[in-house]
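Before any comments, here is the structure.
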Amino acid sequence: MDTQHPLLASLNPKQQQAVGADERNMLVLAGAGSGKTRVLVHRIAYLLQHEQLSPFSILAVTFTNKAAAEMRGRIEQLIGSSTRAMWIGTFHGLAHRLLRAHYLEVGLPQSFQILDSDDQLRMVKRIIKDMNLDEKRWPPKQAMWYINAKKDEGLRPHHIDGYDLTEQTLKAIYDAYQVACDRAGLVDFAELLLRAYELLRNNRFVREHYQRRFRHILVDEFQDTNAIQYAWIKLLSGVGVPDVDPADRNYVTIVGDDDQSIYGWRGARVENIQQFIKDYDDVLTIRLEQNYRSTDVILRAANQVIANNNDRLGKELWTEADGGELIDLYTAFNELDEARYIAGQIERWHEHGNALQDVAILYRSNAQSRVLEEAMLHARIPYRIYGGLRFFDRQEVKDALAYLRLISNRDDDAAFERAHNTPARGIGNTTLQKIRDHARNEQISLWQSAKQLIQDKVLNGRASNAVQAFLDLITGLEDETSEYSLGRQTDTVIKRSGLMAMYESEKGEKAQTRVENLKELVSACDNFDSFDDHEEDLPPLQAFLAHAALESGETQADQHQDAVQMMTLHSAKGLEFPLVFMTGVEEGMFPSQQSMDEAGRLEEERRLAYVGMTRAMQKLVITYAEQRRVYGQDMLHRASRFIGEMPSDALNPIRMGRVARSSENSQPAMGRFHSGASHETFQQTGFSLGQRVRHVKFGEGTVLNYEGSGPQSRIQVNFDEVGAKWLVVAYARLERC
DNA sequence: TAGGTATTTATTTTT
DNA sequence: TAAATACCTA
């Protein structure tokens with residue numbers, strides 16, 4: 001290997017090995033912070049420059065649009081020319097592209113639309129109602145989950161033999177749902193993948209075309225692939241396809257980290273990594289273990305935690321930098337104390353001249369963000385929460401898109417359901433139900449059904465007029481705006497449909513943001529360039545609608561402001577921050593209660609802990625609360641087992657909020673939480689502050705604090721053996737010493 | 001059909 | 001606890 005090649009010179013030996021390898025199948029096990037994207041990007045550049053490959057022969061697949069965009073950008077930067085000829089995108093984006101190009105072969109109308117999860121749920125709900133099934137017994141969410149799970153496994157209704165009633169019914173719902181989608185020209189996310197897979201499997205001509213084209217297929221985050229994605233890659237690479245000459249197979253490079261597999265619950269199969277080694281010839285495995293992100297202390301702790309998992313492919317992160325600050329471990333009284341401590345620490349960090357945007361607060365579940373948010377608000381620390389409602393998921397935006405979808409495809413029943421009476425135009429439930437029933441009987445779309453009912457004079461005069469007016473509105477809008485630019489078209493649609501007027505007439509701050517979002521949608525249309533989306537063959541409106549469904553639109557709150565980043569551990573994957581707070585690290589929270597029943601799930605939680613810890617560059621702070629309000633009930637919590645799995649010499653335990661108080665007005669720990677309770681109430685319990693008590697399990701301790709009154713009152717005791725605990729007086733059976 | 005009340009339920013998320 | 005949803009009434 002020519003290590004003097006300019007593309008290799010800046011890489012470490014393992015990275016060089018991966019980037020400069022001959023054309024072959026490859027597995028790159030890339031640990032957190034080991035320069036994974038760098039390797040991927042350099043590898044592609046190397047193939048182009050050194051192996052003289054045509055950019056047309058490269059297919060690079062990611063999971064998120066963000067990752068795809070980043071890859072594209074970095075390759076362009078590296079090779080100094082356009083990446084237009086390469087297929088770089090998400091699984092869903094690429095599948096979509098295939099379906100658009102081959103809509104005839106897969107039996108879709110040219111104007112097919114993508115159904116997002118919200119639309120899909122509505123659709124499933126509708127089906128269940130139409131089938132006269134009890135929604136209690138057959139929750140739409142679960143039916144949807146079932147459908148998606150089956151599709152992710154590559155199964156159609158006829159593949160399923162429903163032995164018991166449950167499976168039979170779910171299968172029937174799946175079947176009816178699919179019929180409805182097909183009729184309306186609607187494709188859900190899982191369907192994109194499944195249809196694209198079936199296209200390649202059933203159509204030899206199409207498959208061979210792409211097989212000939214993509215000599216190199218590179219897949220990022222391979223541990224997150226599901227069954228259908230794996231099968232899709234296999235087809236494209238010609239592996240396991242009967243009549244493909246082994247010499248005609250394509251090279252596949254997969255990059256992933258089994259230790260960062262945290263999406264098993266949504267169908268991801270880590271096993272695909274091992275399966276890859278079995279299915280593909282002569283796979284070169286390279287481990288990237290040198291970490292360029294975190295301190296040695298953090299890596300040591302993370303390594304030791306993840307070592308508790310079984311069946312790992314094996315990997316240990318190391319760094320050239322040694323030392324680093326110890327990991328602070330703060331034991332809070334409760335979640336309020338935890339939040340206050342974090343706020344205090346962030347204030348100190350900020351006072352030392354550090355940026356707030358370099359700080360991340362991570363939590364296991366979204367519900368935990370509230371208390372943390374309040375503490376930030378209280379301390380006047382600006383923050384930004386990841387993962388709220390995305391732009392294209394907003395109600396008003398979806399309303400507007402429904403009109404655009406109907407203009408583009410009249411048979412889009414989901415759009416019809418949404419638009420027909422928003423704003424109210426006198427098409428009530430009764431009328432709509434007639435339209436639905438007729439549509440179902442005649443196997444036609446709602447639009448066609450509505451037309452027929454008017455023609456056959458089935459509807460009464462008023463209803464008929466209302467429906468006709470709606471049909472005319474859509475047809476008129478299409479005629480009027482067909483020559484308009486996308487922005488002007490959308491602007492006209494929003495105004496003429498009455499949507500804008502409807503939201504403008506509503507009062508309150510909420511309505512105002514809705515109006516603003518509608519305006520924002522118009523400028524999104526103005527700025528939209530289908531060229532950027534590699535959908536240049538599509539009519540602009542179609543391309544935009546696909547864009548809206550596939551690119552949720554970043555949750556962007558003032559990105560320019562210097563703010564603390566708050567997010568779940570899951571959404572932190574792939575990110576890094578100089579200072580990271582990992583919060584709520586308690587048994588029952590993290591690992592979550594639900595994950596403690598099934599064996600495999602606990603290991604996934606541990607990987608989540610590993611992901612969380614390895615986000616930190618300079619300093620990691622782990623916090624947990626001994627008492628926490630969960631679903632309105634106070635729970636006593638123990639420290640997470642993951643804390644016990646860390647090397648104790650990497651931890652700096654902080655108890656009783658001593659550090660927290662350094663930045664607050666130094667109120668004594670005692671009495672901080674009992675402002676509401678009177679002393680008499682407390683005395684009624686028979687205990688007083690500072691008194692020595694004995695507990696059956698925890699042994700002897702000193703009464704520190706109390707809270708509440710009557711049978712609900714709680715008492716905090718600092719036990720000699722096990723530290724401070726909150727106990728419900730009524731149940732604790734404390735004895736005076 | 002809006003709005004009020006009772007009831008239920010409670011990870012993690014991208015596309 | 002609180003949010004979402006279902007159910008019901010004016």
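Throughout, a chain's letter reflects where its sequence line sits, starting with A, and its residues are numbered from 1.
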Item to complete: Whole angstrom is fine here: how far is it from CD in E335(A) over to P in dT1(C)?
Response: 13 Å

Worksheet item: Within the structure, does a side-chain N or O atom of N366(A) lie under 4.0 Å from either OP1 or OP2 of dA10(B)?
Response: no

Fill in: Atom P, compared across dA4(C) and dT13(B): separation rounded to whole Å
16 Å

Practice prompt. Using the P atoms only, state how far dT12(B) lies from dT5(C), rounded to an integer number of Å.
Written response: 15 Å

Worksheet item: Within the modelled atom types, does a donor on one side and an acceptor on the other bring the side chain of S117(A) and the base of dT15(B) under 3.5 Å apart?
Response: yes

Worksheet item: What nucleic acid atoms does F91(A) come within less than 4.0 Å of, heavy atoms only: base, sugar-phosphate, or nothing?
Response: nothing

Worksheet item: Taking the side chain of Y631(A) as heavy atoms from C-beta outward, which of dT15(B), dA10(B), dA6(C) is closest to it?
Response: dA10(B)

Worksheet entry | Sugar-phosphate or base contact per nucleotide [nucleotides 1-9 of chain B; S, B, -; heavy atom under 4.0 Å] | S--------

Worksheet item: L550(A) side chain: which of dT1(C), dA6(C), dT15(B) is closest?
Response: dT15(B)

Item to complete: Calculate the interatomic distance between R628(A) atom CZ and dA2(C) atom P; express it in whole Å.
Response: 15 Å

Worksheet item: So which nucleotide from dT15(B), dA3(C), dT1(C) ends up closest to the side chain of N65(A)?
Response: dT15(B)

Worksheet entry | Residue-level proximity of residues 185-201 of chain A to DNA chain C when a heavy atom falls under 4.0 Å | none

Worksheet item: Parallel, tilted or perpendicular for W87(A) and Y210(A), by the 30°/60° rule?
Response: tilted

Item to complete: Flag the pair F642(A) / Y624(A) as yes when their ring centroid distance falls below 6.0 Å, and as no otherwise.
Response: no

Item to complete: Figure out the CE/P separation between M582(A) and dT12(B), and round it to whole Å.
Response: 17 Å

Practice prompt. Under 4.0 Å between any heavy atoms, over every strand shown, what does R607(A) touch: base, sugar-phosphate, or nothing? Just pick one.
Written response: nothing

Worksheet entry | Touch class at under 4.0 angstrom, heavy-atom based, for S571(A) against every strand present | sugar-phosphate

Practice prompt. Indicate whether W265(A) forms a stack on dT12(B); treat it as stacked only if centroid distance is below 5.5 angstrom and interplanar angle below 30 degrees.
Written response: yes

Worksheet item: Just checking, R100(A) and F112(A): is the charged tip under 6.0 Å from the six-membered ring centre and within 45° of the axis?
Response: yes

Worksheet item: Less than 4.0 Å between a side-chain N and a carboxylate O, is that true for R126(A) and D413(A)?
Response: no

Item to complete: Please evaluate the base of dT1(C) for a donor-acceptor partner in the side chain of R629(A) within a cut-off of under 3.5 Å?
Response: no

Worksheet, complete the sentence: NE2 of H96(A) to CG of L550(A), rounded to nearest 0.5 Å, is 6.0 Å

Practice prompt. Send over the distance from L602(A) CG to dT12(B) P, rounded to a whole Å.
Written response: 18 Å

Discussion item. Ring of Y386(A), cation from R384(A) - is the NZ or CZ under 6.0 Å from the centre and inside 45° of the axis?
Written reply: yes

Discussion item. Below 30° counts as parallel, above 60° as perpendicular, anything between as tilted: where do the rings of F189(A) and H92(A) land?
Written reply: perpendicular

Worksheet item: What is the nucleic acid contact for Q633(A), judged by heavy atoms within less than 4.0 Å: base, sugar-phosphate only, or nothing?
Response: nothing

Practice prompt. Evaluate the ring planes of H547(A) and F392(A), with Trp represented by its six-membered ring, and classify them as parallel (under 30°), tilted (30 to 60°) or perpendicular (over 60°).
Written response: perpendicular

Fill in: Rounded interatomic separation in angstrom, taking CZ from R122(A) and P from dT5(C)
10 Å

Discussion item. A side-chain contact here means heavy atoms from C-beta on lying under 4.5 Å apart; do L499(A) and E396(A) qualify?
Written reply: no

Worksheet item: Between dT15(B) atom C1' and I114(A) atom CD1, what is the distance in whole Å?
Response: 9 Å

Worksheet entry | W138(A), CH2: over 12 other non-hydrogen atoms inside 6.0 angstrom | yes

Worksheet entry | Nearest-Å distance for atom pair CD/C1', residues E604(A) and dT12(B) | 9 Å

Item to complete: Could you tell me which nucleotide pairs with dA3(C) by Watson-Crick or G-U wobble geometry, both distances under 3.5 Å, or answer none if nothing does?
Response: dT8(B)

Worksheet item: What is the distance from CD of E221(A) to P of dT13(B), rounded to the nearest Å?
Response: 15 Å

Discussion item. Would you say CZ of R156(A) has more than 12 non-hydrogen atoms from neighbouring residues, nucleotides or ligands within 6.0 angstrom?
Written reply: yes

Worksheet item: Are OP1 or OP2 of dT14(B) and a side-chain N or O of R390(A) less than 4.0 angstrom apart?
Response: yes

